[in-house]
There are 2 protein chains.
Amino acid sequence: MSPLVKIRAERDQMSAIERRIADFMLDNAHLLRDYSSQQLADALQISQSSVVKFSQKLGFKGYPDLKYSVGEAVARASDGQVKTTARSPRAATRESLAETLWQSKSRAEEETRLINDPETLGEIAALLSRAGKVYCIGLGDDGSAAQTFAQRLALLGTFTVHHDDPVRMTASISSAERGDVLMVFSEQGQQAALNQLSRQFRERHGKVISVTRHTSNPLRAHADATLLVSAHDERSHIQPLLYQSALQHLLDQVFVLMCDGDRLEQLNTNLEHIQHLLDPKL
Amino acid sequence: MSPLVKIRAERDQMSAIERRIADFMLDNAHLLRDYSSQQLADALQISQSSVVKFSQKLGFKGYPDLKYSVGEAVARASDGQVKTTARSPRAATRESLAETLWQSKSRAEEETRLINDPETLGEIAALLSRAGKVYCIGLGDDGSAAQTFAQRLALLGTFTVHHDDPVRMTASISSAERGDVLMVFSEQGQQAALNQLSRQFRERHGKVISVTRHTSNPLRAHADATLLVSAHDERSHIQPLLYQSALQHLLDQVFVLMCDGDRLEQLNTNLEHIQHLLDPKL
DNA sequence: GTCGCGGTCAATAATTTATTCTTGCTTCGA
DNA sequence: TCGAAGCAAGAATAAATTATTGACCGCGAC
């Protein structure tokens, strides 16, 4: 039970001095942190032993124990306040750049999470898991995400090819066969070259996974499975950051879904090998 | 600020004994109430003074002060838990993956934010802003982050060179001069090749910015400015995701700090040009 | 090597807390 | 009215906890 409630409850049947202590604690609960039993006694012009006895009477092991409890209670009580204050409009002014940026990102990530059915994510993870070869392509910023994801897949033991360049990818794709998967990263999904690539890939009986914005676009329309990203900000320099974060979070989810028994083991083996490569002793 | 977050953030650059204390507190935060500094020391088979020094190093007045803070944090945290758990007990199971992953990332990002002084970020942004040429290098996963960041800088009108390869970078660096900046991305900061590169760069009177984990490492030690990342998870397949997110968030902060008047205009011009390139009509 | 530095610990000083003991006051009943 | 019992409070003191000091060790730089 909260010590403050307890103090209030017992206040009535306390002696005069005890009541002084009780009142002080109720009034200054948030300041108690900086009071030792002696300082508190001095402040109230009473003896230190009275403070200790007061604590013990209330059922605490001693003064520090009571103090600790009050600290908890104050924290719990002010917790709600902090949250509501943070939401209030004027708080935005004080909040740092990092904080608002972070919130924008979080919003984008949450939106993205909402528009991708968890089951679809599971299916895509399964599709990738049993794929023969996986091809990843993306241009510009999409390319970085594609590359990183390709690398992750490779660590899991999936044979993966990554390209930034549709021309080179065309060549790679010529060896595609049934059971292979092409992941196409394209924010707008409007890239003619990528769409053509997808068509070719499907002709070779491969499955195409599109990763685009949550708009209707040709790439998405013709894909066998789709991952969708939502990220908005009126400031042109912020929006790409949000897109990247949301995309990354989405891909991370798929990646984690793929990390089961065997593949996880493979991953760890690979990480060990990499560790060796990077070892400063070399 | 929550002492637990702080402990987590600093954990990297702690000594072995300090880390034992940190881990114990993180694992048993809710039991700390019943531990005096001596008991805690006994439990960990270390000296009591180490516990006190640990508390003071973290910025608390002493052990009781730290303990009090942890009490508050635990109270706040368990209060929140009660609320969320009460709201949707079964939803936690369904969405757990995405949700917990997201929480882990958030924690890493917060830790990272804590260990980078905002002023330092501002200085780094200024340094990059007035740099003549900026060179970015990183290997493996660090490479992707380096590449993305380089691309962002280029959009802001800063002349930027990016490489994945120390050999190629060596060649590029030969044209470096006073006022140029080298950003070295290296999670562990132990890459001999990158350290050598930094040395060469400094010899040519350029400034070196390191981007590493919050450990003490040779790269960081010799840099003119440092960006630090904190990200931890015992699961080997999760940790890289956290590292990437935290790193990304940190870089995004620097990027946003750089987006002022002229540069922002340049960015928008560039984005328009890119839009043209990507236009489906072409 | 050895110099300095950072980290740890044992010893100890300082502070804080808990207990004891005394005093003074009140109450109650002879 | 006078103890005797009961209780609250404070002073003194004991106990505990915490903070500091100084010595020692291991390690990296020079």
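Please read these numbers as outputs of a predicted model, since none were measured by experiment. A, B, ... follow the sequence lines: proteins, then strands. Residue 1 opens every chain.
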Measuring to OP1 and OP2 of [N], would you say a side-chain N or O of [X] lies under 4.0 angstrom away?
X: B:Ser50; N: C:dT8; answer: no
X: A:Ser49; N: D:dG10; answer: no
X: B:Ser37; N: D:dT18; answer: yes

Rounded to whole angstroms, how far apart are [atom1] on [X] and [atom2] on [N]?
X: B:Tyr68; N: C:dT17; atom1: OH; atom2: P; value: 13 Å
X: B:Leu66; N: D:dT17; atom1: CG; atom2: C1'; value: 15 Å
X: A:Gln48; N: D:dA12; atom1: CD; atom2: P; value: 13 Å
X: B:Met14; N: C:dT8; atom1: CE; atom2: C1'; value: 16 Å
X: A:Lys67; N: C:dT17; atom1: NZ; atom2: P; value: 6 Å
X: A:Arg19; N: D:dA9; atom1: CZ; atom2: C1'; value: 16 Å
X: B:Leu40; N: C:dT8; atom1: CG; atom2: C1'; value: 15 Å
X: A:Gln56; N: D:dA16; atom1: CD; atom2: P; value: 14 Å

Are [X] and [Y] within salt-bridge range, i.e. N to O under 4.0 Å?
X: B:Glu109; Y: A:Lys105; result: no
X: B:Asp65; Y: A:Arg33; result: yes
X: A:Glu18; Y: A:Lys57; result: yes

Nearest of [options] to any side-chain atom of [X]?
X: B:Pro64; options: C:dT8, D:dT18, C:dC9; result: D:dT18
X: A:Ser15; options: D:dG10, C:dA11, D:dA8; result: D:dA8
X: A:Ile17; options: D:dT18, C:dT8, D:dG10; result: D:dG10
X: B:Lys57; options: D:dT20, C:dG7, D:dA9; result: C:dG7
X: B:Ser36; options: D:dT17, C:dC9, D:dG10; result: D:dT17

If you take atom types as modelled and just measure distance, does the side chain of B:Lys53 reach the base of C:dG6 with a donor-acceptor pair under 3.5 Å?
no

Would you give the length of the straight line joining atom CD of B:Gln200 to atom CZ of B:Arg204, rounded to the nearest 0.5 angstrom?
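Here the interatomic distance stands at 9.5 Å.
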
Are B:Arg220 and B:Thr226 close enough that some pair of their side-chain heavy atoms sits under 4.5 Å apart?
yes

